[in-house]
Every structure is written in structure tokens, then in C-alpha cells.
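The residues of the chain are indexed from 1 along the displayed sequence.
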Amino acid sequence: MEGMPPAVAASLQDSGLLAAIAQETDDAIFSKDAQGRYQFANRAALEAIRLPLGQVIGHTDADLLDADIARRIMQVDQRVLGRGETVEVEEGIPGADGTLSYWSSRKAPLRDAQGRIVGLIGIARNVTARKQAELRADADRLKLQMAIQAAGLVTAEIDYRTNQNHISGELARLMELGDGPMVVPRQAIFDRIHPDDRERYLEAIRRTTAPGSHGHLAIDVRALMPSGTLKWLHIVLQVTFTEIDGELKPDRGICAAADVTEKMVAERKMRTAQRMTEGVIENAGALVWAKDLEGRFILSNQAWRRLHGLTEEAARDITDDVVFGPRIAAQLRENDRRVIASGEPVVVHEKAEVHGRSVTYRSHKFPLFDEAGRVHAVCGVSTDITEVVEADRRKDEFIATLAHELRNPLAPIRNGLEILKRLPDVPAQAGKVRDMMDRQLAHLVRLVDDLLDVSRITRDKLEMRMKPVTLQEIVDHAVESSRPAIDASGHTLQVQLPGRPIRIEGDLTRLAQVVSNLLNNSAKYTPPGGRIDVNARFQGDHVCIEVTDNGAGIAADKLPHVFDLFSQVDRTMHQAQGGLGIGLWLVQKLVEMHRGSITAKSAGPGKGSTFTLKLPAALG
């Protein structure tokens, strides 16, 4: 006991008073002789090394502890015993389970009456909790620093003991405090927080720095700069604690901040757009829905739920079998499977029974993909087109009825004209009238025939007689049919076909009708004395037939509509020759029924047109 008179120390030792006091304290108290052998160890010391008194007294640390631990402890003891120093040190003592307990030790030399060092006395306090807290804080600080560096954030280190912020130059510039690293009061940062966000920010800081807190904070706040600029800041804070007078208090903090103004503005716009989209979907008049791959409804709008008398909760996870019954559900699922298998949208007409009423929907179904690019839902927008379908049906019936009613009087008129043609000595003027009537009758017959074809196609009643035919046969029949119109306008017709025969699987009458309609179209819209060319060539396993004229041409904005039913493309040069606007529609439908395609090109009004027909060539 350094500084204590030897006689007093000996008296205390001899009386046992020191031992009695030592046993009552939670601090570990021990003494060793000059050889490092334990001479005394109180209860706390024995608990620390987890050995009974009998195995400790008279033994050295080398006898009791792991070799590395014992060596470190004995090195400290040698400084006390050899140099007479009083040493303060933290030492880790391993337990039986391998965990370390940390002790803050003060060791002092023991001297005899002559002042010679005869041993040492030590007092150690268990600081394991504080040491572990410091180690965790160091680890947290290191992880946060690494994350901050990786994210490229601007930083500050806070000293809670002095209320000072050590801020980086980047943070100083961000907060408009200066151009380089500096030390500022914590209040300087707080003053930049927007007044409307200050209370929320302060409350978050209070929770983060409170004893028992995990010390971590992440918050988005607005900052109002001296320049008037409003910025959104994402602030991350990690606080470390230290024990002061037996209580954990905030010690230091590492703070990182990032300017997230653009992100926050973008997110707000996205949320606004999302709310708008949700509002549009929910209040749309059409039926909007989505189903998972098992056919369960995962989304439905108000119109869909109202139609089926379901609440939002009841509609969730319901299936088509429950809503429509198994027969209709099977058809709907088949269309859903097409979308799932192809990953492409489809537009289909679907029939259903709703409240005992037969309804037709036009459904636009499309896939919804997950992040891996897999289809994970089928979405749809369905519109009730029952009235439109019914109107189309009545229109088709009307066209069919009209065509038949118009055709009935044509036969006697044609017979009458044939009789007039055979009469001898018809006056010249009467002959001209008869010929005019014959031409107009032929035109009327073509119109009625076209109307009948439209009716048959729209009602899916047009019969096709498919067999191998040659391209030469198709063109010959078409030219024979169109020759009167071509010659009447004084046009020159040139036909160029491949030298070897080309066979096509198709209906000769209908394919000749296609080419004839194209020739008649060119003849009608080409000024007298024009030129019409028919050229054919192979293109892979298809044959291409082009009908080109140097006539009125087609404006660019009209080209997409030339094949529309009842469409009249404005060709001012020959407007009077118009028609019903069904010839090119028939051409397109007949070509599609032969698994072919047709396109139209024109350099513009007055620059002619080219119609390209593409049909699969027959094999063999």
C-alpha cells in the first residue's frame, strides 16, 4: 500500500480488517507476492477467474489462465514489481465459455518496513458492459463511415459534450455555410431546417439521443437556405454513447446528408400521377380488372364491382367461375391463357350472362410483367358493345336484304336489253341509249354483287372453293373482266409475269375478282390515256403481284384508310366516278382469306398508286 506507513499496513493485514472490507465490495481485490503468487483474493476476484480460493492462493497467473492472457497480465505485474510503478490498465479475462470479461485494474507495489517491494495489491472493476458498448459503437461508426463513403454523402461529426459539429467542406457548401471544412455549433445546422419541419426534426433527435436508444436516425426534412433555395435533405445519424456517472449519455455522432430534392419532387409527381391513374381506373365507365395466373381477381374498379354487386373486399380473390359460371369462365380463361402464353395483348369479343341478360364485351387484355420479365398477371379493360353488335347485325341483315331486293329487278332488265340488242334497224340514237343502259346495268350488277359479298363476309357465309390455280389463269380472268373499263378510258395495259408457271392454292373466281377490282380501281382514277402495269415476281415462298398506275394518286393521310369499308378516298380528279367504297375492302378481306396481304403506296396526289398483293405460292 504505497504511501501508507508500513506499521499501519501490517496492522490492517494482521487484524484482518482489510480482508473483511474487501469481501463486501463488488470490485475485485487481490494481492501477489514478489514472485507473482496470489496471497489474497476476495469474492469478486475469485468470481472473475471462476476458481475457488484453494486453487488460487499460492499460484501464479501462468498456473491459472490461458498462456497469452497470463503473459500480458504478468508483463504489467513486472512493471509494478520491478520498477515500483503504479499502473492502470484494462485487461480481458476469458471465462469458461470463452467469452471475455473486461476489467479496469489499478495495481500498486507493496513494501516492507525497509521500503523493499515485497508484492503488489490490485483493485479491478468490471467494465464489460461499457467495453462492449464501445466496441459496438466503434463497429457502428466504422460501418456508417464505409456506407457514407460508398454513397458519396456529405458528412459531419458531432461532439455532444461540446455541442459542436465538425462538418466537411461538401456539407458546408450544401448548407450554404462556407466553402471548406469547419467547426460550427449544432444550432447552425438546426437554423437551416425549415420552420414547418423543426419540431418533427427535434423530436426525432430527442428519441435518437435518449438513453436506451439504438442511436440510429434516418429522416427526410426540408432545409431553407439563406439564398431562399428550398432543399429536401435525407439525413442519416448514428450516435455513440458513453457511461458517465453510471448513466449512458450521447458522446459522439456521425451524420451524413444528401440533397434529395430532385428525388422527392419526382416521387411527389409520381404519387400524384399514381393517384390520378387510380382515380381514372376507379371511376372509369369501362370495366377495369386484373387477375393473377390462377385466375383470381386482384384488382377491379367501381364499375366492375357495381355490375356484379360486389364490395371491394368481396371482389378480391374471386374467380370467373363464381362470377359467370363454369361455361363462360372457360371461354374467358382461354383468352387469358393466350395473353399469358404469348406475352402480347389481344382484343377479343367475349359473351357473358349478367343478371340474366346476354352481353357482349370488347375486351382489351394485356400482360403485366414482374421485375424478372415474367408474366404475373393479366389485366383487362372491357366495354359493353352489346348494342353495337346488335346494330351491326341489323346493318348486315339490311345490306343482305337490300342486295337481294336490288338484284331481283336486274334479271328482267338484263333480259329486256338482250332483246333490244337483237332488234334490227334500231335508230342510231336509240342504239346509243341502249348501249348506255347496258353499261350502267353492268355497273349496277357489280355494285349489287359487291354488296352481297360484303354481306356474306360479315356474316361468315362466303364459301371458298380452294384448288390449285395458276397465276396466268388469275390474271387472264381479271383482264378479261376489266378490259371494257380499261379500253373505254383509252388506257394502256402492260402485263409482265414470270416465265415459268406459278401455282397458287385458292379460289380462282375470288382471286380474279381481287385483281379485277384493282384494275378497275386504277382505270377509274387514272385520266384518259393513262398507263396501268401488272407485274408479278417471286419473293421467298410467296408471289407478289403489283398493279401500278400513273393516275390520281393518294394523299399520305388517306393511305391508312383506303381499305376501310364504305371509305371514299378523296380523288378530286374523278370524284364523280366514286362508288360505295367497298371494292378495296373486299379485296383486302378476300386476300386475307387466302392467307395473303395487300398494301397501298403513293407518292401523293397526281403521282399514281401501286397496290401490292402478296400470296403464298403452292408447293410442288
Side-chain angles (χ1 to χ4, degrees), residues 277 280-308 310 315-370 373-397 454-462 464 560-561 563-566 585 588-598:
T277 302
V280 169
I281 291 174
E282 183 64 12
N283 296 289
L287 310 180
V288 183
W289 48 265
K291 291 180 273 188
D292 64 18
L293 299 186
E294 283 70 44
R296 296 185 295 262
F297 281 88
I298 56 178
L299 178 145
S300 60
N301 72 340
Q302 185 174 247
W304 190 94
R305 297 192 299 272
R306 187 187 297 122
L307 176 67
H308 299 295
L310 296 169
R316 192 174 297 114
D317 291 335
I318 203 169
T319 65
D320 287 323
D321 292 87
V322 177
V323 177
F324 300 106
R327 181 179 61 82
I328 294 173
Q331 171 206 334
L332 302 179
R333 281 197 301 271
E334 180 58 33
N335 291 332
D336 293 346
R337 281 192 285 269
R338 287 172 55 192
V339 175
I340 295 169
S342 67
E344 298 289 337
V346 300
V347 178
V348 291
H349 287 187
E350 298 176 316
K351 293 184 179 295
E353 293 286 334
V354 180
H355 305 309
R357 171 174 168 259
S358 179
V359 182
T360 301
Y361 290 105
R362 183 179 186 272
S363 296
H364 179 202
K365 298 186 172 186
F366 53 95
L368 187 65
F369 298 94
D370 60 18
R374 296 183 295 263
V375 177
H376 77 97
V378 177
C379 304
V381 179
S382 300
T383 305
D384 186 344
I385 60 168
T386 308
E387 293 183 2
V388 176
V389 170
E390 179 61 21
D392 278 346
R393 185 189 65 79
R394 291 195 296 267
K395 178 202 71 178
D396 293 339
E397 288 181 353
V454 168
S455 172
R456 294 184 186 109
I457 291 174
T458 55
R459 293 185 297 160
D460 199 24
K461 291 186 177 181
L462 183 67
M464 304 289 288
H561 306 290
F563 297 107
D564 292 350
L565 183 60
F566 303 128
W585 182 87
Q588 184 181 54
K589 293 302 177 183
L590 291 172
V591 169
E592 288 175 351
M593 294 173 75
H594 284 82
R595 297 179 290 112
S597 63
I598 186 167

### Trp289 vs Asn301 side-chain heavy atoms within contact, under 4.5 Å
no
### Message
Quick check for you: to the nearest 0.5 Å, what is the distance between Gln302 atom CD and Leu287 atom CG?
### Response
12.0 Å
### Task
Quick one: closest heavy-atom pair of Ala286 and Val381, and the distance?
CB-CG1, 3.8 Å
### Summary
CZ (Phe297) and OG1 (Thr319) are apart, to the nearest 0.5 Å, by 8.0 Å
## Note on the structure
Between Leu310 and Ile318, the two heavy atoms sitting closest are CD1-CD1, 3.9 Å
### salt bridge (charged side-chain N to carboxylate O under 4.0 Å, His left out) partner of Asp320, chosen from Arg327, Lys291, Arg333, Arg296
Lys291
### Query
What is the distance from atom CG of Leu590 to atom CD of Gln588, rounded to the nearest 0.5 Å?
10.5 Å
#### Entry: Minimal non-hydrogen separation, Leu368 against Cys379, with atom names
CB-SG, 4.0 Å
## Note on the structure
Contacts of His308 meeting ring-ring contact (aromatic ring centres under 6.0 Å, His included) (sequence neighbours excluded), chain-then-number -> Trp304, Phe324
Identify every side-chain donor-acceptor pair in residues 345-356 under 3.5 Å, counting partners at least two apart or on other chains, and give the distances.
unit_1	atom_1	unit_2	atom_2	d
Glu350	OE1	Ser363	OG	2.9
Glu350	OE2	Asn335	ND2	2.8
Glu350	OE2	Lys365	NZ	2.7
Lys351	NZ	Thr360	OG1	3.2
His355	NE2	Leu307	O	2.6

### Message
So for atom CD, which belongs to Glu387, do other residues, nucleotides or ligands contribute more than 12 heavy atoms lying within a distance under 6.0 Å?
### Response
no
### Query
If you measure from CD on Glu282 to CZ on Arg305, what distance do you get to the nearest 0.5 Å?
4.0 Å
